[in-house]
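See structure below.
Computed over heavy atoms, backbone and side chain alike; hydrogens, waters and symmetry mates excluded. Lettering follows sequence order; numbering is per chain, from 1.
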There are 2 protein chains.
Amino acid sequence: MTNIIDSYKGSANLFKLLGHPARLAILTILREGEQCVCHIEAMLKLRQAYISQHLMVLKDAEIIADRRDGWNIYYRVVMPEIFEIMNIMFLVSGRPDTIDHAHAKANCPCPKCHPEKAQPPDKGVILSSE
Amino acid sequence: MTNIIDSYKGSANLFKLLGHPARLAILTILREGEQCVCHIEAMLKLRQAYISQHLMVLKDAEIIADRRDGWNIYYRVVMPEIFEIMNIMFLVSGRPDTIDHAHAKANCPCPKCHPEKAQPPDKGVILSSE
DNA sequence: TAATCACATTCAAGATGACGAATATAATTG
DNA sequence: CAATTATATTCGTCATCTTGAATGTGATTA
């Protein structure tokens, strides 16, 4: 523990998590704010279980956190410095640091992507309740 | 290749290289300029062959480059952005981004660490015979 | 040219990570 | 409560990474 090498383990472990293209893609999707799993699924066209596995890894490392809202679970980044790191790396690697969400919204069933379904108009239009 | 995930592979591969404590330590040692392998060896107290293996990996990725001078081979970082990335990560992980070279110089036999041997003042005076 | 020095390379076993398949769970709806 | 929806977890196999041991190589010196 008093070893020089060991003192780099924490940083190395975080870098290791960033060393996977799917996880970099997921984090980029979360750059503009929280998103549900189905949105990520629609964006990346990867199996849901596979995405969940990566989300679990990122959550264990406390890079992201989740929040449930009804059927959906929304993930968000809670370690914003990660984006600064990614920015520089994307610059070096010649990769744009943003990603287009538009085309995914059509395929994502969550209420965030379909606000018109969020408050079913025929339910009795409760504009303000308790 | 037209895949979103694939477009992150380049960045991911670089992150993967940073995902190893020994490599982070080596890069930190090179932060202040080129160093020979024996210096890194003296700093980290790791086997020479092991260090060479990591240096090879970093060189293949064109993060570092080498230069031979007599018996010694000096390595230097040729991708300075890597330090900006490491700076941020070390800040997040609570690790100082510098490393003390002083104690290693005593154990490193290279002429850079022992300038007095670099230019023998008088070749005739042999204080201790072989 | 043989010995020495600094460093590189190869090999192999063990450890870790990736990822598909199948299954489980919590919230919601009817 | 049963069915459905969104998401999580477990398991097993295959691939990659790690790391020690042994050995090879180029530059230098005697």
Side-chain angles (χ1 to χ4, degrees), chain A residues 5 8-9 12-13 15-26 34-42 44-61 64-75 107-114 117-118 120 122-123, chain B residues 5 8-9 12-13 15-26 34-42 44-61 64-75 107-114 117-118 120 123 126 129-130:
Chain A
I5 297 294
Y8 289 95
K9 280 194 174 176
N13 284 334
F15 276 130
K16 215 174 289 182
L17 298 186
L18 298 180
H20 194 293
R23 289 196 286 267
L24 289 181
I26 290 172
E34 65 177 14
Q35 296 290 351
C36 62
V37 178
C38 57
H39 186 82
I40 299 172
E41 202 179 342
L44 300 181
K45 292 163 191 160
L46 295 176
R47 290 174 315 110
Q48 172 271 316
Y50 184 53
I51 291 172
S52 262
Q53 287 169 358
H54 286 301
L55 288 171
M56 194 192 338
V57 170
L58 293 171
K59 188 182 166 189
D60 285 346
I64 62 178
D66 60 351
R67 169 182 78 85
R68 176 180 280 273
D69 182 12
W71 278 337
N72 303 284
I73 295 184
Y74 292 90
Y75 281 89
N107 301 324
C108 176
C110 83
K112 185 177 178 184
C113 287
H114 294 283
K117 289 185 182 173
D122 50 308
K123 271 243 170 170
Chain B
I5 298 294
Y8 288 95
K9 281 193 174 177
N13 283 335
F15 276 130
K16 212 174 292 182
L17 297 187
L18 298 181
H20 194 294
R23 289 196 286 266
L24 289 181
I26 290 172
E34 66 176 13
Q35 297 289 351
C36 61
V37 179
C38 57
H39 186 81
I40 299 172
E41 201 180 343
L44 300 181
K45 291 163 191 160
L46 296 176
R47 288 175 313 110
Q48 173 269 318
Y50 184 55
I51 292 172
S52 262
Q53 287 168 355
H54 287 301
L55 288 171
M56 195 192 339
V57 171
L58 293 171
K59 189 182 165 187
D60 284 346
I64 62 178
D66 60 352
R67 170 181 77 85
R68 176 182 279 273
D69 183 11
W71 278 338
N72 302 283
I73 295 184
Y74 292 89
Y75 282 88
N107 301 325
C108 177
C110 83
K112 184 177 178 183
C113 287
H114 294 282
K117 287 185 182 174
K123 278 235 173 176
I126 298 173
S129 63
E130 59 284 291

Rounded to whole Å, CD1 of B:Ile64 lies from P of C:dC7 at a distance of 13 Å

B:His20 atom NE2 is separated from D:dT16 atom P, nearest whole Å, by 18 Å

From CD1 of B:Ile73 across to C1' of D:dT28 the rounded distance in Å is 13 Å

To the nearest angstrom, the CD-C1' distance between A:Gln53 and D:dA6 comes to 16 Å

In whole angstroms, the gap separating P of D:dT13 from OH of A:Tyr50 amounts to 19 Å

Comparing nearest nucleotides in DNA chain C, the 5'-proximal residue of the pair A:Val57, A:Asp69 is A:Val57

* Compare all side-chain heavy atoms of B:Lys112 with those of B:Gln35 and state whether any distance is below 4.5 angstrom. => yes

- Task: Could you check whether B:Arg47 gets within reach of a base, just the sugar-phosphate, or nothing at all, counting any heavy atom under 4.0 Å?
- Result: base

Of the candidates C:dA18, C:dA21, C:dA8, the side chain of B:Tyr75 sits closest to C:dA8

A:Trp71 atom CH2 is separated from D:dT5 atom C1', nearest whole Å, by 5 Å

In whole angstroms, the gap separating P of D:dT5 from CZ of A:Arg68 amounts to 15 Å

Passes side-chain contact (heavy atoms from CB on, under 4.5 Å), B:Ile51 versus B:His54? Steps please.
-> CA-CA 5 Å; B:Ile51 292 172; B:His54 287 301; 5.9 Å; no

message = With a 4.0 Å cutoff (strictly under), does any side-chain N or O of B:Asn72 reach OP1 or OP2 of C:dC7?
response = yes

If we only count heavy atoms from C-beta on, is the B:Asn72 to B:Val37 side-chain gap below 4.5 Å? no

Assert: residue with more 5' nearest nucleotide on DNA chain C, out of A:Lys16 and B:Met56, is B:Met56

Taken to the nearest whole Å, CG/B:Leu58 to C1'/D:dC17 is 14 Å

Nearest heavy-atom contact between B:Leu24 and A:Phe15 is CD2-CE1, 3.9 Å

Closest of D:dT19, D:dA8, C:dA8 to the B:Ala49 side chain is C:dA8

For B:Ala22 and A:Ile5 the tightest heavy-atom approach is CA-CD1, 3.8 Å

